[in-house]
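Input: a single structure, listed below in structure tokens.
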Amino acid sequence: MILTWYPYQLQFKYPFRIFHGIRTHTSAVFVKLEHKGCVGWGEATLPPYLPETQESVIEFCKNFSLKASKESMESWTELLAILDTNMSAKAALDVALWNLKASVNNTSIGKLLQIENDDYPLCTYTLGVSDFTEMQMKVADAEVTGFKIFKLKLNGDNDETIVRNFKKLSSSPFAVDVNQGWQTEYEALNKIEWLKKEGCILVEQPLHRSKLKEMTAIKQKSALPVYADESCQRLTDVEVLQNCFHGINIKLMKCGGITEARQMITEAQQIGLKILVGCMSESSVGCTAAAQLTPLANYADLDGPYLISNNPFKGMIVKGGKIQAHPLEQINAL
Ligand code: MG
């Protein structure tokens, strides 16, 4: 087993503005795992609100490859399973291991996970907070590419303007992601009522992640389904959220990869929570792996490859609005 890592800056096609601030790029680390002539790629993508950095991911990889046996894939899987820190670094290694296993067995991650159905969900295209001209370019870009559903980032201040601008440009259904930007149950319920009339289909993370008491009341009264993102990081969060949200947004970078994401889906389905498989603007490495889980999801938000201008890989695509699985392929040197 040979592990190699490559720090990389994923550049956005358009600057990405959300409630937390504005970004032109996302730092990432690609990892390559080689064994018996086969290769498995993984990716840690590190938005600035996460505690991990390229340096901490590389440190994690160095320590891990010193500890793990050079001979066996199983020992890597076992060692990784007991590590419970550095979730983005863990996700990179977990995805690389799953890709390697799929490659060694000449199959896909989905088949290894016994996901047999191929009913892929609609995939949203995320519109960061944008002025009208910028939104116009992004919507045109997304519709030409084949997206049929959007996710508008709201920030609590200009929500009406953002929705009005979007509706001038597109008649497509849309979700909204508030990124914890609304302040009270009252504000949330009023805005949800209004958004339903405007054609919104779901609302992600309306209040601060800790406001679960308010979310319990909102779930009971809400005119639209509410999904947890910041409130739902790991498997241990899922059960706690049963009475607070209708669904959860699962991301590989939050939960440490495919292994725990699969367990979160099982748990969520058992307690009646809907599933959205999302990303943190990963390249095709992260999104192609996450796409393997999406036949189990109600929605996908795996638009990362479409938001990046220097994606060194290609893989999953969106066609007719839906996720379409494709094998991962490196197209540019790192
Ligand atoms: Mg979100």
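As the structure lists them, so they are numbered: ligands from 1, and atoms in each ligand from 1.
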Solution key, residues 209-216 side-chain donor-acceptor pairs under 3.5 Å, sequence neighbours excluded:
| from | atom 1 | to | atom 2 | distance (Å) |
| --- | --- | --- | --- | --- |
| S210 | OG | H208 | ND1 | 2.8 |
| K211 | NZ | Q183 | O | 2.7 |
| T216 | OG1 | L212 | O | 2.9 |

Mind checking the OH-CZ spacing from Y125 to F147? Nearest 0.5 Å is all I need. 7.5 Å
Any heavy-atom pair between the side chains of F64 and L79 that's under 4.5 Å? yes
Cation-pi, W194 ring and K197 (6.0 angstrom, 45 degrees): no
Give every donor-acceptor pair under 3.5 Å between a side-chain atom in residues 314-334 and any protein atom, sequence neighbours left out.
| from | atom 1 | to | atom 2 | distance (Å) |
| --- | --- | --- | --- | --- |
| Q324 | OE1 | H326 | NE2 | 3.2 |
| Q330 | NE2 | N332 | O | 3.0 |

Below the 2.8 Å mark, what number of protein N, O or S atoms do you get around the Mg ion (ligand 1)? 3
Sorted by chain and residue number, the salt bridge (Lys or Arg N to Asp or Glu O under 4.0 Å) partners of D118 (sequence neighbours excluded) come out as none
